[in-house]
Amino acid sequence: MTLQNALNYFKRLESETTRKSEIKVYQKFIQILTGLEHRDWSDTEVESIEEALDAPLGLYTSTTKDNKFFVRALKQFQNYLKDTFSLTTKRYYTNMGVGLGASFGIVFGTVFLSTFERSLGISYGITLGMIIGLIIGHYLDSQAKASGRMI
């Protein structure tokens with residue numbers, strides 16, 4: 001399946017549905033495919049992307065596909081783009097930084113801020129970790145955008 005065929009397929013699916021969760025997934029696919037179309041790719045890279053897009057989706061099979069199927073296919077395709085071409089989506093590092101910051105913030109709040117009441121130390125740790133993760137993630141996102149690795 002070519003990138004243009006996949007783009008048309010997801011635009012058609014988006015226009016046919018009324019569920020917000022499905023529309024969000026289809027719009028993410030459309031955003032990624034549109035971003036990929038505007039890049040200069042070699043023929044082998046385009047073939048590789050089309051194979052990676054066709055493998056998880058299997059658009060030519062006759063089975064019905066639910067929202068979970070497309071969410072899994074989207075994650076698989078995003079991971080392929082990240083691993084193969086180092087391409088990330090918007091706010092990828094920011095979201096990861098906030099999540100990791102919250103995780104490490106719990107540990108930091110429990111261990112080092114235990115002089116406060118335990119719950120207060122944990123909440124301070126989570127807040128501090130999320131802020132630090134947000135700053136680092138935003139910095140990494142800006143670097144990815146500057147180097148042209150963001151879709």
Side-chain angles (χ1 to χ4, degrees), residues 1 3 6-7 9-41 45-46 48-59 63-151:
M1 160 174 295
L3 292 176
L7 186 62
Y9 177 76
F10 285 111
K11 285 182 179 179
R12 183 179 56 83
L13 287 176
E14 181 188 20
S15 66
E16 291 175 356
T17 188
T18 58
R19 296 179 60 198
K20 285 186 178 183
S21 60
E22 291 178 354
I23 290 172
K24 285 181 183 179
V25 174
Y26 300 149
Q27 286 176 345
K28 284 185 182 182
F29 262 116
I30 291 169
Q31 175 193 4
I32 290 172
L33 292 172
T34 304
L36 290 176
E37 274 191 335
H38 294 299
R39 291 181 168 267
D40 293 329
W41 299 100
E45 290 173 335
V46 170
S48 172
I49 290 171
E50 289 173 351
E51 287 175 12
L53 185 62
D54 197 27
L57 289 177
L59 299 178
T63 59
T64 59
K65 296 169 181 65
D66 58 347
N67 195 33
K68 286 184 182 180
F69 173 81
F70 286 111
V71 169
R72 261 186 265 122
L74 177 65
K75 288 182 191 262
Q76 189 176 4
F77 188 60
Q78 285 176 332
N79 286 337
Y80 169 78
L81 291 175
K82 180 164 180 4
D83 294 341
T84 307
F85 300 108
S86 298
L87 295 175
T88 60
T89 56
K90 205 175 205 181
R91 293 184 299 274
Y92 173 80
Y93 292 112
T94 302
N95 292 336
M96 185 159 310
V98 168
L100 288 173
S103 301
F104 288 119
I106 291 172
V107 174
F108 178 76
T110 304
V111 174
F112 296 111
L113 299 177
S114 60
T115 57
F116 299 113
E117 183 180 330
R118 182 172 293 265
S119 62
L120 189 61
I122 291 172
S123 63
Y124 283 156
I126 290 174
T127 304
L128 183 65
M130 287 176 69
I131 290 171
I132 292 171
L134 179 72
I135 292 168
I136 293 172
H138 184 69
Y139 173 73
L140 291 174
D141 276 337
S142 65
Q143 278 189 330
K145 187 173 185 175
S147 65
R149 294 182 293 122
M150 187 175 289
I151 299 175

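These numbers come from the heavy atoms of this one structure, side chains and all, not from hydrogens, waters or symmetry mates.
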Look up atom CZ in Arg19 and atom CG in Asp66, then write down how far apart they are to the nearest 0.5 Å. 8.5 Å
Within-4.5 Å side-chain heavy-atom neighbours: Leu13 and Phe70: yes
Mind listing the closest non-hydrogen atom pair of Ala102 and Ile126 along with its distance? O-CG1, 4.1 Å
About how many Å separate CD1 of Ile122 and CD1 of Ile106, when rounded to the nearest 0.5 Å? 7.0 Å
By side-chain hydrogen bond (donor to acceptor under 3.5 Å, both in side chains) - contacts of Glu50 (at least two apart): none
Ring centre gap for Phe104 and Phe108 strictly below 6.0 Å: no
The reported gap from CG in Leu100 to CE in Met130 (rounded to nearest 0.5 angstrom) is 11.5 Å
How many angstroms lie between atom CD1 of Ile131 and atom CG of Leu134, to the nearest 0.5 angstrom? 8.0 Å
Could you pull out all residues at least two apart from Thr17 that satisfy side-chain hydrogen bond (donor to acceptor under 3.5 Å, both in side chains)? Glu22
For the pair Ile32 and Leu74, evaluate side chain to side chain contact (heavy atoms under 4.5 Å, CB included) and give the outcome as yes or no after the intermediate values. CA-CA 10 Å; Ile32 290 172; Leu74 177 65; 3.8 Å; yes
So side chain to side chain donor-acceptor pair (under 3.5 Å) across residues 142-151, not counting sequence neighbours, yields Tyr139-Gln143, Ser147-Arg149
Heavy-atom check, side chain of Trp41 versus side chain of Leu36, under 4.5 Å: yes
Could you give all pairs that pass the side chain to side chain donor-acceptor pair (under 3.5 Å) test and reach residues 24-38, with sequence neighbours left out? Glu14-Gln27
d(Asn67 CG, Arg72 CZ) to nearest 0.5 Å is 10.0 Å
What's the shortest heavy-atom distance between Gly35 and Ile151, and which atoms? CA-CG2, 3.9 Å
Count the heavy atoms belonging to other residues, nucleotides or ligands that lie under 6.0 Å from CZ of Arg118, then report whether that count exceeds 12. no
Name each donor-acceptor pair under 3.5 Å that joins a side chain in residues 82-99 to protein atoms two or more places apart or in another chain, with its distance.
unit_1: Thr84; atom_1: OG1; unit_2: Tyr80; atom_2: O; d: 3.0
unit_1: Thr94; atom_1: OG1; unit_2: Asp141; atom_2: OD2; d: 2.5
unit_1: Asn95; atom_1: ND2; unit_2: Arg91; atom_2: O; d: 3.1

Only counting residues at least two apart or in another chain, list the ones meeting side-chain hydrogen bond (donor to acceptor under 3.5 Å, both in side chains) with Ser15. none
If I compare all heavy atoms of Leu33 with all of Leu3, which pair ends up nearest, and what's the gap? CD2-CD2, 3.8 Å
Interatomic spacing from OG in Ser123 to CG in Leu128 - rounded to 0.5 Å: 11.0 Å
